[in-house]
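Have a look at the structure below before the remarks.
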Amino acid sequence: MAVLKPLYFGSDLSDLQKAAKLGDTSKWSAKALCMSSEKIFEEAEYQKDLGEEEIAYVFFYKFIECVQKLNQNPEFKNDATYFTSMYNIQKNTKKAVVTLEALATSLETQYDKKIKENNVAEIIAQLHLSNIEVINGIDKDEPKDYLITHQKLYSLINQKSTTFFILDTRPAADYHNSSMTIPNSLSVPEMCLRPGTTASSIGKNLKIEFKGQWDRRTTVDMLILC
């Protein structure tokens, strides 16, 4: 199975569908439409095998549109049996429909994930803190000072010379199932971090017992986001 390529072509399925528009084919012969449909289908399969799901979706969608135009073509209507026997129209159409559904599901999941990541990045920018640290994996070959490993966090907890506050953006259920029992940690799920959300509005939506913890974030040396 091919490794999926990062998203870059569009921001949602509607962008891909717009790119798949075939244009005016009213002057095309039935043979030209049949041959084009096969070339488009082959390219769709090729892009899918490369892991280019966005491009594959565009070509599979374009193939379906090509077949729809073919079905409306007068020459094809007059001798549909001949053309369907000469080209793999029916077989390819069935496969294209199934593949499009699978690609749509996969791409929607990826687009949603990308939106959430962008939301978190926007919230970080709005916090306007000069020393934001992030818990994440670390590249052993290229250490990054702004990333915190579990060893570094353990050291911070024990040394007590550097004050910090942990903002945990995991789903609430995950936080309650597994989290550190320290007072300077607060759960603010990703779903609460939407575009345009400010630090002030986040604080207002918290339960009263957590507002004090939230206010402490501006008095510490480090704000740690995980």
Worked check of side chain to side chain contact (heavy atoms under 4.5 Å, CB included) between F9 and L107 = CA-CA 11 Å; F9 195 83; L107 288 167; over 6 Å; no
Are L13 and I115 connected, step by step, through hydrophobic side chains (Ile, Leu, Val, Met, Phe, Trp, Tyr) whose heavy atoms are closer than 4.5 Å?
-> no
Are any side-chain N or O atoms of D12 and backbone N or O atoms of D15, one a donor and one an acceptor, separated by less than 3.5 Å?
-> yes
Side-chain heavy-atom pair T84, F76 within 4.5 angstrom cut-off | yes
Would you please test Q72 and Q68 for side chain to side chain donor-acceptor pair (under 3.5 Å) and show each step?
-> CA-CA 7 Å; Q72 298 168 1; Q68 291 174 342; over 6 Å; no
Indicate the atoms forming the closest heavy-atom contact of F83 with K31, along with that distance.
-> CE2-N, 4.0 Å
Once you round to the nearest 0.5 Å, how far does NZ of K62 lie from NZ of K39?
-> 14.0 Å
Heavy-atom donor-acceptor pair, E75 side chain to S29 backbone, under 3.5 Å = no
Looking only at atom types and distance, does a side-chain atom of E38 sit under 3.5 Å from a main-chain N or O of Y87, one as donor and one as acceptor?
-> no
Which pair of non-hydrogen atoms, one from Y8 and one from I55, has the smallest distance, and what is that distance?
-> OH-CG1, 3.6 Å
Do side-chain atoms of K5 reach the backbone of L50 as a donor and acceptor pair under 3.5 angstrom?
-> yes
Looking at CD1 of I89 and CG of L70, how far apart are the two atoms once the value is rounded to the nearest 0.5 Å?
-> 5.0 Å
F59 with V98, same ILVMFWY side-chain cluster at under 4.5 Å = no
Given side chains that start at C-beta, do those of F41 and K91 come closer than 4.5 Å, heavy atoms only?
-> no
For K77 and N71 the tightest heavy-atom approach is CE-O, 3.1 Å
Spatial distance of atom CG (L103) from atom CD (Q110) [nearest 0.5 Å] = 9.5 Å
Would you say K113 has more than 12 foreign heavy atoms packed within less than 6.0 Å of its NZ?
-> no
Whether N73 side chain and W28 backbone form a donor-acceptor pair below 3.5 Å | yes
Shared ILVMFWY cluster between L7 and L4, side chains joined below 4.5 angstrom?
-> no
Salt-bridge present (K95, E45; N to O < 4.0 Å) = yes
If you group Ile, Leu, Val, Met, Phe, Trp and Tyr by side-chain heavy-atom gaps below 4.5 Å, do Y46 and L100 land in one group?
-> no
Tightest non-hydrogen contact, residues F63 and N92, listed as CZ-CB, 3.5 Å
Closest heavy-atom contact between L22 and E65?
-> N-OE2, 3.1 Å
Minimum side-chain heavy-atom gap K48-F60 below 4.5 Å = yes
Looking only at heavy atoms, the pair that brings S106 and E53 closest together is OG-OE1, 2.7 Å
